[in-house]
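Positions are given from 1 along the sequence. What's counted below: heavy atoms across the whole structure, side chains too, no hydrogens, waters or symmetry copies. Indexing begins at 1, ligand by ligand and atom by atom, following the structure's order.
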Amino acid sequence: MTKPQIVKPSVLFVCLGNICRSPLAEAAFRAEAARAGLDAEVDSAGMGSWHIGEPPDRRAQAVTRAHGVDIAGYRGRQVSPDDFYRFSHIVAADRENLAALRRMQPKDSTAKLSLVLDHVPGRAGQAVADPYYGDASDFERTWAEVSAGAQGLVRELKGAP
Ligand code: 4NP
């Protein structure tokens with residue numbers, strides 16, 4: 001009999017710019033995974049190239065700081081075809097990003113694609129609100145949404161029903 005393989009989950013969160021929603025989702029997932037004792041790789045990336053090498057938006061840094069999380073060291077990067085082999089799960093902020101990821105996914109790669117809110121009961125198929133043109137309250141709402149998604153995904157990866 002072959003030994004069951006224990007594969008560490010690896011999760012990539014993706015939005016458009018990688019300065020607002022996906023770094024918030026990465027931070028929320030790190031916090032939830034630590035709380036739940038889940039060992040996982042986590043990263044975030046953007047579909048676009050505008051913010052490569054940049055730290056997250058100041059308002060995103062502020063909202064995480066208010067919740068005791070520091071994301072000042074994160075740096076923007078763009079999704080690459082390699083990501084579909086490196087990560088077991090690629091989780092998009094909205095349907096446009098999900099559609100772009102599906103177009104980009106190499107046929108022989110096995111990464112499972114989903115939306116952040118697919119992992120929240122009653123919110124499957126919905127988009128995480130883009131706070132880029134909003135204010136601090138929009139960033140709070142985005143933080144709440146990505147935290148709910150992260151909590152749901154951590155629960156799924158831990159094998160809970
Ligand atoms: P994000 O927000 O995709 O949540 O990081 C945006 C950031 C930058 C731009 C759009 C959305 N932009 O057009 O530069």
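Shown here is Arg95, whose CZ atom has no more than 12 heavy atoms of other residues, nucleotides or ligands within 6.0 Å.
Closer than 4.0 angstrom to ligand 1 lie heavy atoms from Cys15, Leu16, Gly17, Asn18, Ile19, Cys20, Arg21, His51, Asp130, Tyr132.
Legend: residues meeting ring pair (Phe, Tyr, Trp, His ring centres under 6.0 Å) with Phe29, ordered by chain and number and at least two apart, are Phe13. Every residue was checked against the salt bridge (charged side-chain N to carboxylate O under 4.0 Å, His left out) condition with Glu54, not counting sequence neighbours, and none meets it. Residues meeting the salt bridge (charged side-chain N to carboxylate O under 4.0 Å, His left out) test with Arg86, sequence neighbours left out: Asp83.
Contact check on Asp94 versus Arg21 returns a salt bridge, with a Lys/Arg side-chain nitrogen under 4.0 Å from an Asp/Glu carboxylate oxygen. The existence of a salt bridge linking Arg155 and Glu32 is excluded, since no basic side-chain nitrogen approaches an acidic carboxylate oxygen closer than 4.0 Å.
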